[in-house]
Amino acid sequence: MSTLNAISRRQFVVNGAALAASTFVPKRLAATSASAAQKVVIRTDSEIGLVRPEFHGHFVEHLGSCVYGGLWVGKKSHIPNVDGYRQSAVEYLKALGVPVLRWPGGCFADDYHWRDGIGPAEKRPKRVNIHWGNYVEDGSFGTHEFIGLCRLLNAEPYLAGNVGSSTPRELRDWIEYCNYPSGSTLSDERASNGAPEPFRVRYWGVGNESWGCGGNMRPEEYARLYRDFAVYCREFGGTELFLVASGPSGNDTHWSRGLMDGLGWERPQGVSMHYYSGGADRSTSFTVDHMNEQLASYAKVEESIVHQRAVLDSYENGKKVGLILDEWGVWDNIPEDDEKRYGKLWQQSTMRSAVAAGLGLNIFNRQADKVYMCNIAQMVNVLQSLLLTDGPEGEHCVRTTTYHAFSLFKPHRSKRALRVETEDPSPLGLSVSASKGDRELVVTFVNPRPDSDLQVECTLKGSFVDGGTAQILHDVDWNACNSFDHPDRVVPKQQPIRVNGSSLQLDLPRLSVATAILQIH
Ligand code: AHR
């Protein structure tokens, strides 16, 4: 693509102030400065839809040190914990707010049998995790521990059911165990395991990646199975279920059409799509070309949301089916050394990853009428995580650049997304989203370019600004990260803004994510 070639041929700039702030800037990045003015129009008179808090959902899997050693260290651990949950992780996640949490997988879900994770911990069977390294699981983190975590975080639980190696009966029983108030053998068993109150779990995934690790099925085979399972997934004790069918990998319309055709009259409440943005390099040593390639792929994420929504809408009652981006984020090239040291798929987040998160979260706002829920993969230690620990035994826990990017989007939650017009629609052009609440406007800007600082001039159509503030996450070095030695290397800072009448101006340096919160009338 010409933009990428042009960028790769360019020399890059590091200005004096930025250089002083960064000791990690690669020496090869020195040359001339590029800066440009960008005009943006924010249509406060044109709403798209609700920014559902669920756009900022999360996913945890029994994979590497995500659960064991990450979130769950056990009650007897030397690591400070709250009833077995790593205390620092709980505090950081509570501060961020976790609207919804999906568990136990991923691929793991289709080899998980929920009865292995209930009852006295010492009696739980030990199973081999066939998907993620053949290590032995002791099942000490099961349904009760997961619900306990959700309650601590005030997150809505989302359980992924096993279709690939299980039966409708097993899933039906899990739902009864969780949701039936009392008096049945399963609900009484839950009570005797310490939870007399029903868990009231609404979100249930019916399989995961059924086209791959969840059963290697063709869409018509999965649709047939989905119908079998759905018949027995019932409302127990008044908790209305929201069933999520396994949807496509990326923009695979063959799968989504085959699924919808095969479902007949049966309509799930949600269909999940998984979209990972692959990366050719190790997280902390990306080349500029590979970074640009990865960031440009977010245009495809947006296109996929639009296409997949159109596919669902083309079926009778398809409009009622929520499109869920169940797993998303950057999946870089992960060196074996890091995996051996810290756990499988352990991946650092850098300034590049924060920009990627910002591009994704901006898309969800802009497509607020087309998506229902989006869950970043994964919450701790795996892929584009929010938190990193130094291995299962390590006491350190750092907030990644991705955590901070998510925190900059928090003010959008439950506001109404607005239409925005920008000058440069190319994949690496300035990305903007806006939302409006009661006399408050939130605007997030992402500058994905490594070679261009922007002076952004926004015009508000339909409102006037009374004042406001902005925060920015920025580093000229796209490989900059929060490490155990420098946990606060990349954190949000105040960014000056200028407001006047219906205009807002701010400087947006290369590789930055910034949120302005404005009071408007
Ligand atoms: O998130 C890691 C894996 O990616 C999940 O287990 C699977 O669903 C996907 O392929």
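Residues take their numbers from the sequence shown, with the count starting at 1. Both counts, for ligands and for their atoms, begin at 1 and track the order of listing.
Among all protein heavy atoms, the one lying closest to atom 10 (O) of ligand 1 is E209 OE1, 2.8 Å. Scanning the protein heavy atoms around atom 8 (O) of ligand 1, the nearest turns out to be E327 OE2, 2.9 Å. Remark: minimum distance from atom 3 (C) of ligand 1 to any protein heavy atom is reached at W132 CZ2, 3.7 Å.
In this structure, CG in D326 is found 12.5 Å from CD1 in I376, a value given to the nearest 0.5 Å.
Contacts of H131 with ligand 1, taken as heavy-atom pairs under 4.0 Å, are absent altogether.
Checked by distance only, ligand 1 and C107 come closer than 3.5 Å through their nitrogen or oxygen atoms.
For N482 and T400, the side-chain atoms include no donor-acceptor pair closer than 3.5 Å. Side chains of W331 and Q347: a donor-acceptor N/O pair is absent below 3.5 angstrom, by distance only. Side-chain atoms of T402 and Q384 form a donor-acceptor pair, as typed in the model, at a separation below 3.5 Å. In this structure, a donor-acceptor pair under 3.5 Å is absent between the side chains of H307 and S304. A donor-acceptor contact closer than 3.5 angstrom links the side chains of N193 and Y177.
Cation-pi geometry between R102 and F59 is met: under 6.0 angstrom from the ring centre, within 45 degrees of the axis. Figure legend: cation-pi geometry between R169 and Y232 absent, as NZ or CZ is not positioned both under 6.0 Å from the six-membered ring centre and within 45° of its axis.
Judged by the shortest distance from any of its heavy atoms, Y276 lies inside the 4.0 Å radius around the atoms of ligand 1.
Close contacts of ligand 1 with F59, meaning ligand atoms under 4.0 Å from a residue heavy atom, involve 1 (O). Near E61, with a cut-off below 4.0 Å to any heavy atom, the atoms of ligand 1 are 1 (O), 2 (C), 5 (C), 6 (O). Counting atoms of ligand 1 from 1 in the listed order, those under 4.0 Å from a heavy atom of L383 are 1 (O), 2 (C). For ligand 1, the atoms sitting less than 4.0 Å from at least one non-hydrogen atom of N208 are 8 (O), numbered in the order shown with element in parentheses. Of all the atoms in ligand 1, the ones that sit under 4.0 Å from a non-hydrogen atom of G106 are 5 (C), 6 (O), 8 (O). Near Q378, with a cut-off below 4.0 Å to any heavy atom, the atoms of ligand 1 are 1 (O), 2 (C).
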